[in-house]
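Just below is one structure, and these are the notes that go with it.
Everything numeric in this text was worked out from a predicted model, so none of it was measured. Counting starts at 1 for both ligands and their atoms, following the listed order.
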Amino acid sequence: MTPLLRPAPSARTRLLAVFGAPVRHSASPAMHNAALQELGLDWAYVACPVAPADLAAALEGARRMGFAGVNLTVPHKQLAVPMMDALDASAATYGAVNTVVFEAEDAEGLWRPVGQIREPSGPVRTRGYNTDAEALVRSVSEELALELRAARVLLLGAGGAARAAALRLADEGVGALWLVNRTEDKARALAGEIEAGSPVTGGHVGYPGGDVELILNATSLGLRAEDPMPLDATAYALGRADGVYDMVYRPAETPLLRAARAAGCRTANGLGMLLYQGAAALELWTGRPAPLATMRRALESEVYGAAT
Ligand code: ATR
């Protein structure tokens, strides 16, 4: 593939970043820089290692230095919520911020993303969004060809990612959620939250008695080769699910997905979720439609080392 020419950053280059700890593994710079280039924008996206104790200072620095936006990854998403000047409903609902938009007042006095104002001036504020939950639902529906309304779902995990997934799936109208987690108290608390907040979704703790449309892994198990499976295959047979989705995307096929494929399930990993959360963030910052095909190619090449 011929590398596309890219102008060197200049004094006019708009800046974006991802803050995390660790962040060196992040595929977001590759995905976003490919998109920015495709859009012909003189913008650049970098990864910054930021310790949790430095998050507030780093956000303040980015604000003062005129950044257009920031993504937040582990372990910042929940920490950032009280640091935002304004919260979009998505971040307030899921209690986590993965996308920060810096906003300034335009000529009409309306707060708008600084990346969409020609010469931003005056005070700048932060608005926190969560683009993860929507991305998950889109990726699961498309890649597993699943109708989520009224579906029965076995959700593995009860941490931050699982909570956002559970609340978003309940919003989507899934019929029942079974929650399985190493720390059962957390599963019980989340099931109680679903039961209390959703008129249509039943929240249960433990493995379902019957078949399900979807098994969703929202634990971190599968990232490392020595990890056990996030599901006890003696307690619940994978073949009882139509589709299995693993939020883990590295390796491309986790032991859970391999076993699910062998059991005849449709399978998908979390790369699509990563893509769609990034596409939504890019659209918030730039106001331009995200070039999805380019972003997916850049992600696959970065994560799996295969230029496709
Ligand atoms: P995230 O924000 O990515 O969801 P988290 O809130 O730390 O991160 O949640 C991690 C999830 O993976 C939890 O469900 C966690 O189980 P616990 O609630 O019992 O901690 C699960 N998890 C992580 N390591 C695990 C392990 N070795 N065995 C079983 N579950 C594990």
Side-chain angles (χ1 to χ4, degrees), residues 18-28 50-52 55 71-83 90-100 128-137 139-140 153-170 177-194 203-207 214-236 238 244-251 254-257 259 269-274 276-278 281 303:
V18 54
F19 294 168
V23 78
R24 289 286 174 234
H25 67 283
S26 174
S28 289
V50 173
L55 178 60
N71 277 140
L72 301 176
T73 185
V74 176
H76 298 318
K77 293 182 188 183
Q78 280 143 310
L79 280 176
V81 171
M83 297 176 189
S90 56
T93 303
Y94 306 119
V97 171
N98 78 315
T99 301
V100 180
Y129 291 81
N130 183 305
T131 67
D132 285 333
E134 199 59 41
L136 171 69
V137 161
S139 177
V140 167
V153 179
L154 167 55
L155 177 59
L156 309 172
R163 181 173 175 273
L167 294 175
R168 184 62 188 82
L169 288 169
L177 271 173
W178 282 268
L179 301 168
V180 169
N181 192 48
R182 172 178 60 181
T183 312
E184 204 176 282
D185 278 356
K186 283 165 69 180
R188 204 166 291 117
L190 184 52
E193 198 178 341
I194 296 297
H204 313 280
V205 178
Y207 289 101
L214 172 67
I215 296 175
L216 172 59
N217 178 37
T219 75
S220 46
L221 293 177
L223 271 171
R224 292 169 309 182
E226 67 273 21
D227 282 345
M229 292 259 280
L231 168 139
D232 176 359
T234 62
Y236 196 77
L238 283 167
V244 178
Y245 190 95
D246 200 331
M247 283 197 198
V248 174
Y249 58 84
R250 200 190 322 239
T254 58
L256 174 69
L257 291 184
N269 72 19
L271 202 80
M273 180 179 173
L274 182 65
Y276 291 135
Q277 66 75 34
V303 177

Worksheet item: Looking at atom 27 (N) of ligand 1, what's its closest protein heavy atom, distance included?
Response: Arg182 NH1, 3.3 Å

Worksheet item: Under 3.5 Å, N or O to N or O, is Ala162 touching ligand 1 that way?
Response: no

Worksheet item: How far is atom 14 (O) of ligand 1 from its nearest protein heavy atom, and which residue and atom name does that atom have?
Response: Asn181 OD1, 2.7 Å

Worksheet item: By number and element, which atoms of ligand 1 are closer than 4.0 Å to a non-hydrogen atom of Ala158?
Response: 14 (O)

Fill in: Trace of the side chain to side chain donor-acceptor pair (under 3.5 Å) decision for Thr254 with Asp246
CA-CA 8 Å; Thr254 58; Asp246 200 331; 2.7 Å; yes

Worksheet entry | side chain to side chain contact (heavy atoms under 4.5 Å, CB included) evaluation trace for Tyr236 with Val180 | CA-CA 11 Å; Tyr236 196 77; Val180 169; over 6 Å; no

Practice prompt. With heavy atoms of Leu221 as the reference, note each atom of ligand 1 found under 4.0 Å away.
Written response: 25 (C), 26 (C), 27 (N), 28 (N), 29 (C), 30 (N)

Fill in: Between Thr183 and Asp185, a side-chain donor and acceptor under 3.5 Å
no

Practice prompt. Quick one: closest heavy-atom pair of Phe19 and His76, and the distance?
Written response: O-CD2, 3.4 Å

Discussion item. Checking contacts here: is it the side chain or the backbone of Thr183 that comes within 4.0 Å of ligand 1, counting heavy atoms only? Could be both or neither.
Written reply: both

Discussion item. Under the criterion side chain to side chain contact (heavy atoms under 4.5 Å, CB included), I'd like the reasoning laid out for Asn181 against Val205: C-alpha separation, chi angles, the key distance, then a yes or no.
Written reply: CA-CA 9 Å; Asn181 192 48; Val205 178; over 6 Å; no

Worksheet entry | Which residue and heavy atom of the protein sit nearest atom 6 (O) of ligand 1, plus the separation | Gly160 N, 2.9 Å

Worksheet entry | Side chain, backbone, both or neither: Ser220 near ligand 1, heavy atoms under 4.0 Å | both

Practice prompt. Name the closest protein heavy atom to atom 21 (C) of ligand 1, giving the residue it belongs to and the distance to 0.1 Å.
Written response: Thr219 CB, 3.8 Å

Worksheet item: When Leu154 is tested against each of Leu216, Leu214, Leu231 for side chain to side chain contact (heavy atoms under 4.5 Å, CB included), which residue passes?
Response: Leu231

Worksheet entry | Smallest separation among heavy atoms of Ala191 and Gly203, with atom names | CB-C, 3.9 Å

Discussion item. Checking the side chain of Arg163 only, and the main-chain atoms of Tyr94 only, is there a donor and an acceptor separated by less than 3.5 Å?
Written reply: yes

Practice prompt. To the nearest 0.5 angstrom, please state how far the CG atom of Leu274 sits from the OG atom of Ser28.
Written response: 5.5 Å

Worksheet item: Any protein heavy atom lying closer than 4.0 Å to atom 31 (C) of ligand 1?
Response: yes

Response to the item:
Under 4.0 Å from one or more heavy atoms of Gly157, ligand 1 contributes atoms 14 (O)

Discussion item. Below 3.5 Å, N or O to N or O, backbone or side chain included: is there any such pair between Lys186 and ligand 1?
Written reply: yes

Fill in: Minimal non-hydrogen separation, Leu79 against Met83, with atom names
O-CE, 3.7 Å

Response to the item:
Closest to atom 9 (O) of ligand 1 among protein heavy atoms sits Gly159 CA, 3.4 Å

Item to complete: Return the residue, atom name and 0.1 Å-rounded distance of the protein heavy atom closest to atom 1 (P) of ligand 1.
Response: Ala161 N, 3.7 Å

Discussion item. I want to know if ligand 1 touches Ala218 in the polar sense, i.e. an N/O pair below 3.5 angstrom.
Written reply: no

